[in-house]
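What follows is a single structure, written as structure tokens, with notes after it.
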Amino acid sequence: MSILTRKDKRIVKDGLWDNNPITFQVLGICSALAVTVQVKTALVMCLALTFVLALSNTIISLLRNFIPSKIRIIVQLSVISTLVILADQVLKAYMFDVSKQLSVFVGLIITNCIVMGRAEACAMRNPPFKSFLDGLGNALGYSAVLMCVATAREIFGSGTLLGFQIVPQVLYDHGYVDCGLMVLAPGAFFLLGAIIWIQRAVSGYKEAN
Amino acid sequence: MDKQSTAYTFLFALAVCAICSFTLAAVSEGLRPKKEMNAALDVKKNILKAVVLKEPIGPKAKGEEILEVFKEKIEEVVIDESGEVLDWIKSGEAKKERNKHLLYIYREEDEIIAYCFPVEGKGLWSTLYGYLALEPDGITVRGITFYKHGETPGLGAEIEQAWFQDNFKGKKVWDAEKKKAMPIKVIKGKVKDKIFASQRPYSVDGISGATMTSQGVTDLLAEWNNIYEPFLNKIRNFPEIHRGD
């Protein structure tokens, strides 16, 4: 059961934990704040980003020996935008309600620093499969943090999870009130800060002098 | 060919452009019918929601079912600024012409159940789009929906929630004593705490933390009520709509 070598697993784990794009590199947090009010929208956003990141890394890696260095950034951007618009169009056609809620944020994946960052840092130098794994690892790392934030925000902000009522009506009858801060962007900021803190405490990360 | 040469760079850029644009054009064209159907369906679903169907369609109803119900029960007409129904104009052309407005009539077995018209206006961050449906008396609100907006989730976005929209049901847009139009106001706080009994039929509970959005709803209702007032006055006097005279 070993399609992936130990080195390959290492690459995926790197993005997922040791070098997590959000908690370690602190990239792509704009969308982490914007789409995490509900788990459902966050989940779709994660799927869209995973699709874009894994494929853009693979395609750019395939092209890496042909891309003239003078225009490499704009070529990367063209590949990424094409994939993002593709994802957006498919969402509009097949998941209309979710795409209405995500509004501009799917389109904004184009400017998500994670995608361009991985294209430039990894895909331009590494073979396709390795780049694919790197993209996947980073996308999963991003998704993991997003899901944590979204789960907490939906439960405490709206009392639901994936749209199902979690906080029982009895509590509301006794004066329990949903936390309004959680549905606002600042709520996500606090949660994100806490997650970064916990992750860095566990992994023993030290800021370089 | 030298990879650093200008010619190569141009050729490469051209190839990337061509491939990307062809891919996107093909996908966009391929998905167009589906996307247009989604958008049209969304509007129709919301009109059906606003008029409060006697037999509500389920949340999982298929697109074709919704279209079928819409076609069967809703008539789309155009009215002019004096409230006359225009037979000669197609609804598709109404948007292009000034002072021509769409009106949806909901019938069950030839009996008019509701009149419904679009309302739109600025909220805090975005334009709010919705439909307001009145009973055949032209006075009592039957239902309201907001289906497109970009307000803050949990605050202004509550306008799309059932608790807010249900507030409007049974409210009045016409003061029978003073004989004047009374567009519904979204107030701060709860109607039963803040508003005198005589004004309660014209007020609905506000959304806490969303004063600007609430104000936007009040303003847009006043604006659109005013636009449809000539027509509403006609049906208030006559129970049946007089066509083309």
Side-chain angles (χ1 to χ4, degrees), chain A residues 34-38 41 59-60 63-72 74-105 153-154 156-160 163 177-188, chain B residues 1-43 45-46 59-60 63 125-126 129 146-158 160-161 207-210:
Chain A
V35 300
T36 50
V37 177
Q38 291 169 353
T41 50
I59 293 172
I60 290 166
L63 292 173
R64 73 187 187 284
N65 293 325
F66 305 100
I67 300 177
S69 60
K70 272 180 252 172
I71 56 165
R72 69 177 198 288
I74 200 102
V75 171
Q76 292 166 12
L77 211 60
S78 309
V79 172
I80 294 166
S81 332
T82 307
L83 289 168
V84 169
I85 298 170
L86 212 69
D88 194 32
Q89 296 281 322
V90 171
L91 283 182
K92 279 208 177 90
Y94 294 101
M95 299 183 78
F96 186 70
D97 291 335
V98 180
S99 106
K100 244 172 83 173
Q101 286 174 328
L102 283 171
S103 64
V104 297
F105 292 105
R153 284 182 79 183
E154 195 177 334
F156 295 112
S158 322
T160 57
V177 180
D178 287 326
C179 174
L181 180 65
M182 281 297 145
V183 297
L184 297 174
Chain B
M1 198 170 187
D2 178 16
K3 260 179 60 188
Q4 298 305 325
S5 75
T6 311
Y8 178 82
T9 308
F10 264 108
L11 277 177
F12 191 89
L14 211 66
V16 169
C17 289
I19 294 170
C20 290
S21 10
F22 275 121
T23 315
L24 288 182
V27 170
S28 175
E29 268 313 298
L31 294 176
R32 183 188 297 279
K34 191 101 188 141
K35 281 186 296 179
E36 279 175 357
M37 166 139 169
N38 278 338
L41 212 59
D42 194 44
V43 166
K45 217 156 67 181
N46 275 283
K60 290 211 174 120
W125 307 114
S126 63
Y129 296 88
F146 287 100
Y147 63 96
K148 199 170 138 193
H149 65 82
E151 300 300 290
T152 322
L155 299 174
E158 290 289 297
E160 63 175 40
Q161 297 291 328
I207 304 167
S208 55

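Letters A, B, ... are given to chains in the order of the sequence lines, protein chains preceding strands, and every chain is numbered from 1. The analysis underlying the following values was restricted to heavy atoms, covering all of them including side chains, and did not include hydrogens, waters or symmetry mates.
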Next on the checklist: Atom CZ of residue position A:F156 - does it have more than 12 heavy atoms of other residues, nucleotides or ligands inside 6.0 Å?
Outcome noted: no

Checklist entry - Relative to chain B, which segment of A:S158 carries a heavy atom at a distance below 4.5 Å: side chain, backbone, both, or neither? => result neither

Item to check | Top of A:T82, A:V75, A:I85 for chain B proximity - count of heavy-atom pairs under 4.5 angstrom | outcome: A:T82

Next on the checklist: Looking only at heavy atoms and a cut-off of under 4.5 Å, which of A:Q38, A:Q89, A:M182 has the most pairs with chain B?
Outcome noted: A:Q89

Item to check | Region of A:I71 in contact with chain B, defined by heavy-atom distances below 4.5 Å | outcome: side chain

Checklist entry - For A:I67, is it the side chain, the backbone, both, or neither that has a heavy atom closer than 4.5 Å to a heavy atom of chain B? => result both

Checklist entry - So do the side chains of A:Y94 and B:K34 get within less than 4.5 Å of each other, counting heavy atoms only? => result yes

Checklist entry - For atom NZ of B:K35, is the number of surrounding heavy atoms from other residues, nucleotides or ligands below 6.0 Å larger than 12? => result yes

Checklist entry - Can you tell if the side chain of A:V84 reaches within under 4.5 Å of the side chain of A:I80, non-hydrogen atoms only? => result yes

Next on the checklist: Going by the rule side chain to side chain contact (heavy atoms under 4.5 Å, CB included), which residues pair with B:I19 if we only count those two or more places apart in sequence or in a different chain?
Outcome noted: B:T23

